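Encoded as structure tokens, the structure appears first; notes follow it.
Fair warning: this is a prediction, and the values are worked out from it, not measured in the lab. Throughout, a chain's letter reflects where its sequence line sits, starting with A, and its residues are numbered from 1. Side-chain atoms are counted along with the backbone in the values below, which use heavy atoms only and exclude waters and symmetry mates.
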Amino acid sequence: MAIDTGILINVGFFVYVSIVFAILALGFNLQWGYSGLFNAGIAGFFLIGAYTAAFAITPRTPPSVGYPGHLGGFDLPLPVGAVLAMVASGAVAALVALPTVRLRADYLAIATLAFAEVLRIVAINLESITAGTIGIPGLSPPIVFNPPNGFLNAMVKLGVSAAILLGLFMTLHFIAESPWGRVLRAIRDDEEATMALGKNTFQYKLQVFAIGGALMGLAGWLFAVTINYVEPSGSFAPTVTFSVWVMVIVGGAGNLRGSIVGAFVIYGLEWLSVQLKDFVPNQFKDTVFYTRLMIVGILLIVLIIYRPEGILREKKRILR
Amino acid sequence: MTEMGNGQAILRVESVRKSFGGINAVDGCTLSVNPQSVTGLIGPNGAGKSTLFNLIAGLYRPDGGEIWFNNTRIDGLPPYEIVHLGLTKTWQIPHELRNMTVLENLVLGAKHNAGEHLLNLFIQPGKVRQDEKSLRVRAREVLRATQLESLANEHAKALSGGQKKLLELARAMMTEPALILLDEPVAGVNPTLAGSLMDLIDRLRRDGRTFFLIEHDMNVVMNRCDRVIVMHQGRTIAEGTPASVKANPTLIKTIFGLLRPTAGRVAFQGEDITGMHPRDLVLKGLAYVPQSNNTFPSLTVLENLEMGAITRRTSPIPMPWNRRGTLPDRSRQMTDAQIRRRAIGTLNLFPNLRPKVRERAGALSGGEQQMVALAKSMMLDPDVLLIDEPSAGLAPKLVDMVFSKIVEINGKGTAVVMVEQNAKKALAIANRGYILETGRNRFEGTGPQLLQDPNVAKLYLGG
């Protein structure tokens with residue numbers, strides 16, 4: 001008897017999109033939860049990663065009737081696309097950080113939010129490079145099955161995403177819980193005091209902004225590869241940034257595991273609200289999706305009041 | 001260049017200036033500190049002492065002048081480079097890293113720790129482990145010396161005020177400094193602990209370190225310092241041995257808590273308020289108008305008034321680690337709209353300010369600024385108003401105006417205590433007068449009694 005693979009494909013989709021969000025959340029947690037840098041341009045770095053991946057991975061696509069074409073089409077292997085996405089996004093993050101990372105938290109937020117919006121609007125309008133709102137299709141999945149097999153395809157994506165998340169988590173844990181990471185937490189608690197302890201805080205902030213940006217770029221690559229399609233108006237809107245904030249706040253700032261938990265919980269609510277459509281009376285079919293927004297809102301308020309440190313609170317580091 | 005420039009001094013400050021929005025916080029300050037000394041820096045609040053420390057430590061950049069540490073010019077260097085040269089500072093209000101443990105706070109003080117460089121984590125893991133291990137051992141030794149060992153793995157935010165001061169000193173020691181600037185090291189520390197803290201400083205000094213400290217506790221200044229430098233209005237006005245420099249702590253500042261009394265009590269409406277924090281005193285109904293710097297020059301008159309009623313702390317973005325204590329009651333009672341209404345009500349008492357409510361306070365004349373300061377202090381409807389030299393620096397006509405306003409405020413039911421050099425005019429409007437000499441009551445009586453007393457007239461009223 002055959003298992004209903006449709007449900008598994010659907011669950012697989014939930015898992016690998018959650019993983020994309022988890023990587024974004026890890027990057028933001030490193031910047032904000034560890035270092036106190038409130039990045040409001042997450043969607044922008046995510047966009048750079050996704051487009052760099054699309055330019056690098058897709059085969060050559062010349063302009064044709066009804067399609068403006070796009071930059072690249074270099075037909076490079078997937079891992080090369082991942083590296084390029086991280087390098088591009090990390091480099092841009094460092095450039096953005098140079099003038100802005102000295103700003104106070106609220107101004108840094110305004111500057112990065114503006115940066116991300118400018119980037120998205122450019123991506124919408126610069127048709128010759130990004131194909132505008134038509135987007136870039138045709139990113140091939142990690143393994144192409146012949147004949148096409150939706151179930152195996154979903155499972156491969158799931159496996160690749162899970163392996164990447166595991167590797168990233170271990171690497172980030174290693175660097176964030178090191179003496180280097182300790183300086184980041186010191187900057188977050190009191191930058192002036194950290195400078196008076198002999199640390200070049202600007203350099204640390206620059207590094208962590210670039211690393212966080214590179215992670216967001218990697219998330220962009222994974223997103224593009226798992227969805228097989230890049231388009232600027234919805235996928236990189238400021239709401240993506242806001243979702244990641246909520247994930248880190250709910251999961252627990254300053255705790256890397258918390259970012260992963262937060263991503264699965266918050267994206268899980270969205271995914272469930274979509275699934276509900278099949279189980280509610282007809283008159284609610286169009287609105288049930290939005291219950292998610294109410295649930296997330298209430299969850300956030302309750303959490304901020306009763307557990308402001310998040311589901312997994314930052315741990316006390318006991319030194320022996 | 002001068003006799004103190006001959007390489008003897010470990011620290012030389014020469015004509016250093018720093019101003020903030022038109023106020024000269026440090027105004028041509030020159031001083032030097034000898035190696036292996038404990039040098040005290042004293043002076044009234046607002047004299048520029050903490051600003052000077054921030055300039056020396058590189059946290060502020062001077063507008064002019066030079067700062068030399070050993071034989072290196074350090075003004076304009078970033079703070080982390082100055083630390084690496086062997087100069088560090090502590091804060092008056094402890095800057096503990098609140099969400100980190102005491103031990104983490106200390107280990108961060110080390111100047112060289114391989115693991116603090118990202119690449120070393122991957123290319124020199126052995127050195128990273130070794131550095132970290134030896135630093136933890138050293139940090140524990142310092143904790144033992146500062147009696148904080150039992151708190152090693154507590155969050156710094158869980159420490160008491162006095163313990164945080166110890167933590168500041170301990171953390172500063174981890175940077176292996178030759179010169180340590182201490183901003184009020186024993187403020188808020190209980191006497192026993194303060195004594196052992198100063199003993200520790202003595203020991204460290206004998207090991208070859210130099211201490212330069214701001215302190216209001218006269219016991220510390222008189223008994224523990226080799227040399228004392230007095231600062232006033234951004235300059236040094238006196239220096240010498242503690243015995244030769246006797247500062248006069250003024251009573252009004254003692255009452256207000258800006259200077260802590262070494263003995264005696266201050267009672268307000270039957271309650272002992274000695275040493276209470278100024279913020280709490282304001283909320284109890286005690287307001288204070290300082291002699292100078294008593295308005296916010298870059299804010300408008302209306303904003304100045306509103307500031308008088310705003311005592312809460314807000315953060316633009318809610319960060320879980322920024323959660324501080326609850327709001328005090330008096331401020332909680334007022335919404336923004338209520339504050340605005342009260343400001344407009346207060347302006348009824350100061351009709352000549354009304355056409356200028358949108359002007360920056362700094363652009364007003366001295367007399368008008370004094371009015372703004374008075375109005376600002378009336379915003380919380382105080383029971384007692386302390387005024388320090390309301391006539392200082394004002395033209396005679398303006399003095400009359402300010403004094404008649406004080407009479408008017410008093411008539412509305414607020415008790416006024418003022419310190420005033422212009423004794424004739426002050427006593428003319430005073431119900432009661434006290435004349436102090438070297439910190440003690442010399443004469444006391446009603447205003448008219450004192451005015452008519454021939455001794456008072458001879459000594460203080462210019463015959």
*Would you find a donor on one side and an acceptor on the other, under 3.5 Å apart, between the side chain of A/Lys316 and the backbone of B/Asn153?*
yes
_Strictly less than 4.5 Å between heavy atoms, which residues of residues 77-84 of chain B line up against chain A? Please order them by number._
B/Pro79, B/Tyr80, B/Val83, B/His84
Chain A interface, residue from [options] that has the most non-hydrogen pairs under 4.5 Å:
| options | answer |
| --- | --- |
| B/Val107, B/Leu118, B/Thr175 | B/Leu118 |
| B/Arg171, B/His117, B/Lys89 | B/Arg171 |
| B/Leu108, B/Leu103, B/Thr88 | B/Leu108 |

*asked:* Walk me through whether A/Arg317 and B/Glu104 qualify under salt bridge (Lys or Arg N to Asp or Glu O under 4.0 Å).
replied: CA-CA 8 Å; A/Arg317 278 80 169 178; B/Glu104 281 189 300; 5.1 Å; no
Counting only heavy atoms not in [X], do more than 12 fall under 6.0 Å of its [atom1]?
| X | atom1 | result |
| --- | --- | --- |
| A/Tyr107 | OH | no |
| B/Ile93 | CD1 | no |
| A/Arg307 | CZ | yes |
| B/Arg61 | CZ | no |

Atom of [X], atom of [Y] and distance for their closest heavy-atom approach:
| X | Y | value |
| --- | --- | --- |
| B/Glu116 | A/Lys199 | OE1-NZ, 2.9 Å |
| A/Ala193 | B/Trp91 | CA-CH2, 3.5 Å |
| B/Gly115 | A/Ser178 | O-OG, 4.3 Å |

Only distances under 3.5 Å count here; give the side-chain donor-acceptor pairs of residues 120-130 of chain B to other protein atoms, sequence neighbours excluded, each with its distance to 0.1 Å.
{"unit_1": "B/Asn120", "atom_1": "ND2", "unit_2": "B/Ala114", "atom_2": "O", "d": "3.1"}
{"unit_1": "B/Lys127", "atom_1": "NZ", "unit_2": "B/Asp131", "atom_2": "OD1", "d": "3.2"}
{"unit_1": "B/Lys127", "atom_1": "NZ", "unit_2": "B/Asp131", "atom_2": "OD2", "d": "3.3"}

*asked:* Any heavy-atom pair between the side chains of B/Asn113 and A/Arg182 that's under 4.5 Å?
replied: yes
_Taking the side chain as everything from C-beta on, heavy atoms only, tell me whether B/Asn99 gets closer than 4.5 Å to A/Arg185._
no
_Heavy-atom contact with chain A under 4.5 Å, split by part of B/Ala139_ = neither
*Per-residue contact mode, B/Glu168 against chain A (heavy atom under 4.5 angstrom)*: neither
*How long is the gap from CD on B/Glu96 to CG on A/Asp190, to the nearest 0.5 Å?*
8.0 Å
*A/Leu197 CG to B/His95 NE2 distance, which is reported to the nearest 0.5 Å*: 11.5 Å
_Set of side chain to side chain contact (heavy atoms under 4.5 Å, CB included) partners for A/Leu312, sequence neighbours left out_ = A/Asn255, A/Arg257, A/Val261
*Using a cut-off of under 4.5 Å for heavy-atom pairs, which of A/Thr194, A/Thr201, A/Ile175, A/Asn200 has the most such pairs with chain B?*
A/Asn200
*Check whether A/Tyr204 gets within reach of chain B through its side chain, its backbone, both or neither, counting any heavy atom under 4.5 Å.*
side chain
*Sort A/Leu184 into side chain, backbone, both or neither according to what part of it lies under 4.5 angstrom from a heavy atom of chain B.*
neither
_Residues which pass salt bridge (charged side-chain N to carboxylate O under 4.0 Å, His left out) with B/Arg136, listed by chain and number, not counting sequence neighbours_ = B/Glu132
